[in-house]
2 protein chains.
Amino acid sequence: MPRNPVLDASRIRAAALHIIDRDGLAGLSMRKLAAELGVRAASLYGHVATKDDLLHEVAGAILEEVDVGGFAGGDWRHGLVTCARSYRAALAAHPNIVPFLAYGPAHREASLRRLDVVHGALVAAGWTRREATMIAASLVYLVLGAALSSFSRGFSADRARYGDRYPNLDKAHLLPSVAAELDHDSFELALDAFVTGLGQRARG
Amino acid sequence: MPRNPVLDASRIRAAALHIIDRDGLAGLSMRKLAAELGVRAASLYGHVATKDDLLHEVAGAILEEVDVGGFAGGDWRHGLVTCARSYRAALAAHPNIVPFLAYGPAHREASLRRLDVVHGALVAAGWTRREATMIAASLVYLVLGAALSSFSRGFSADRARYGDRYPNLDKAHLLPSVAAELDHDSFELALDAFVTGLGQRARG
DNA sequence: ACCTGAACACCGTTCAAGT
DNA sequence: ACCTGAACACCGTTCAAGT
């Protein structure tokens, strides 16, 4: 009768995230997770309702890094930019879990709390409620799209594979080594253009 | 010895897409697909290398709807907007397959061909090769993000579930019934702001 | 040439039983 | 209270065998 139980929810979450980072989303199984924790698969179900639930908890912990504090100063542009950057950084730290976010990222309590802050700040800045909703949605589009469809994953490491079939493509950009930088710069370009374009609307 | 084989690759693809549309991505199994085609699972492997391969083929067929013809007139803004809209429409027609695109959407031949067209048109319009790459990437971010994180999926149908915890959120916007319209309008807002912001850069 | 039965090595999840 | 063995109902994939 061990006083210190081997398992608890936070240790399970940490181990699950570690496996996802190392082996990918498809590489996570309840049996492998249990083995990594020195236990049998059935034991996990005393602490976690379901694999899907566990994934939502892991994703939720990651999204805790999203910073909506930039809206506090009253500058909605600065708020949007810092929020978007922290959001992207949080996802970029654990890229393998991003596809999972496709299945309803906003359901969770903490996400709605952050969304509420963004929404309130935008309305305070003079946008209508509907515009605020659409701007917040657009920001999520940008961040999730960037995290998901990064060049780093999208292209083959084998440069020669593309041959001469795409005369306009700069083949150097397809190399994974430069892709990470290109991902970052593309995100910044998109974010800047988006905020600039919004500013035009606001006559600001 | 039937002269007309029961199975062929295109019939398999169509059935697979039908199941995905109806039952979701997780609802597609090789056994169910085979049953739907009046055949056993093993038979599929005479026509399709792997389930993953099949999904790539299905996704490829959907992406065939992306229209890069709007660049032909020499107006890059018009090209970007029509490309983005047709891209989004293609994905919105089969939302359940979008999460699959997370795993390397640009690998495929036809996608690279379209990317090459976009890239060439942007360079012809005066953007540098690097800018062209980043603009194309940004457009994909926007479209994929919009297809993925749509309000239609993100929120609960049960309005009361949110209670009064989010004073700033307009709860009407969380209803699925208005979510589709909001998704559309948010995408148009993001696209317009993005292109406007780009135009600012181009001093156009 | 095309399809099938049976098998292999996996899954998530449950539950009575052990300590 | 917490963990386990064994089982259930599934997976994707292979391959010798049938027609």
Side-chain angles (χ1 to χ4, degrees), chain A residues 1-61 96-97 99-104 107, chain B residues 1-61 96-97 99-104 107:
Chain A
M1 55 170 97
R3 285 280 180 71
N4 302 340
V6 188
L7 250 34
D8 69 288
S10 90
R11 237 168 69 73
I12 294 175
R13 279 198 295 274
L17 181 56
H18 182 249
I19 292 175
I20 290 168
D21 285 342
R22 191 191 57 202
D23 304 337
L25 199 53
L28 176 72
S29 80
M30 296 303 268
R31 282 168 162 90
K32 192 199 276 187
L33 174 57
E36 208 111 337
L37 289 162
V39 106
R40 307 303 244 255
S43 315
L44 298 170
Y45 289 87
H47 303 85
V48 154
T50 220
K51 185 189 180 183
D52 206 67
D53 241 62
L54 172 58
L55 282 167
H56 272 106
E57 285 170 20
V58 171
N96 290 341
I97 210 181
F100 174 75
L101 299 179
Y103 304 96
H107 268 152
Chain B
M1 56 169 98
R3 282 285 181 67
N4 301 341
V6 187
L7 251 34
D8 68 287
S10 90
R11 238 169 67 74
I12 294 175
R13 277 199 296 273
L17 181 56
H18 181 250
I19 292 174
I20 290 168
D21 285 342
R22 192 191 57 203
D23 304 337
L25 198 53
L28 175 71
S29 78
M30 296 303 269
R31 282 170 161 93
K32 192 199 276 186
L33 174 57
E36 209 110 337
L37 289 161
V39 105
R40 306 306 243 254
S43 315
L44 298 170
Y45 289 87
H47 303 84
V48 153
T50 220
K51 185 189 179 183
D52 205 68
D53 241 64
L54 171 59
L55 282 168
H56 272 106
E57 285 168 21
V58 171
N96 291 341
I97 210 180
F100 175 75
L101 298 178
Y103 306 95
H107 270 151

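Note on naming: letters A, B, ... go to the chains in the order of the sequence lines (proteins, then strands), and numbering restarts at 1 for each one.
- In this structure A:A16 satisfies the side chain to side chain contact (heavy atoms under 4.5 Å, CB included) test together with A:L28, A:L33, A:L54, A:V58, sequence neighbours excluded.
- The strand DNA chain C forms stems, runs of 3 or more Watson-Crick or G-U wobble pairs with distances below 3.5 Å, at C:4-8 with D:12-16, C:12-16 with D:4-8.
- Heavy-atom minimum distance, A:L37 versus A:A15: CD2-CB, 3.9 Å.
- Rounded to whole Å, the distance from CG on B:L37 to P on C:dT4 is 11 Å.
- With sequence neighbours excluded, the residues that form a salt bridge (Lys or Arg N to Asp or Glu O under 4.0 Å) with A:D23 are A:K32.
- Among residues two or more places apart in sequence or in another chain, the salt bridge (Lys or Arg N to Asp or Glu O under 4.0 Å) test is passed with A:R22 by A:E36.
- Residue pairs meeting the salt bridge (charged side-chain N to carboxylate O under 4.0 Å, His left out) criterion with at least one member in residues 44-57 of chain A, sequence neighbours excluded: A:R13-A:E57.
- Whole-Å rounding puts the A:R11 CZ to D:dC3 C1' distance at 14 Å.
- Contact annotation: A:T50 does not reach the phosphate of C:dG12 (side-chain N/O to OP1 or OP2, under 4.0 Å).
- Across C:dA9 and D:dA9, the matching P atoms stand 22 Å from one another, rounded to whole Å.
- An OP1 or OP2 oxygen of D:dC3 is reached within less than 4.0 angstrom by a side-chain nitrogen or oxygen of A:H47.
- With sequence neighbours left out, the salt bridge (Lys or Arg N to Asp or Glu O under 4.0 Å) criterion links A:D21 to no other residue.
- In terms of the side chain to side chain contact (heavy atoms under 4.5 Å, CB included) criterion, residue partners of A:A41 (sequence neighbours excluded) are, by chain and number, A:R31, A:A34.
- A search for side chain to side chain donor-acceptor pair (under 3.5 Å) contacts involving A:S10 returns A:D8, not counting sequence neighbours.
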Please produce a list of atom pairs where a protein N or O lies less than 3.5 Å from an N or O of nucleotides 15-17 of chain D.
none

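- Contacts with DNA chain D (heavy atom under 4.0 Å) in residues 19-36 of chain B: B:L28, B:S29, B:M30, B:R31, listed by number.
- Across all non-hydrogen atoms, the minimal contact from B:G27 to B:I19 is O-CG2, 3.7 Å.
- To the nearest 0.5 Å, atom CZ of residue A:F100 and atom CG of residue A:L55 are 4.5 Å apart.
- Atom-to-atom, CG of B:L44 to C1' of D:dC11 comes out at 14 Å; the value is rounded to the nearest Å.
- Between the CG atom of B:D53 and the C1' atom of D:dT13 there is a distance of 13 Å, rounded to whole Å.
- Computed from coordinates, the A:R40 CZ to D:dC3 P distance equals 13 Å when rounded to whole Å.
- For residues 37-46 of chain B, there are no side-chain hydrogen bond (donor to acceptor under 3.5 Å, both in side chains) pairs, not counting sequence neighbours.
- Of the residues near DNA chain D, A:A41 and B:D52, the one whose nearest nucleotide (by heavy atom distance) lies more toward the 5' end is A:A41.
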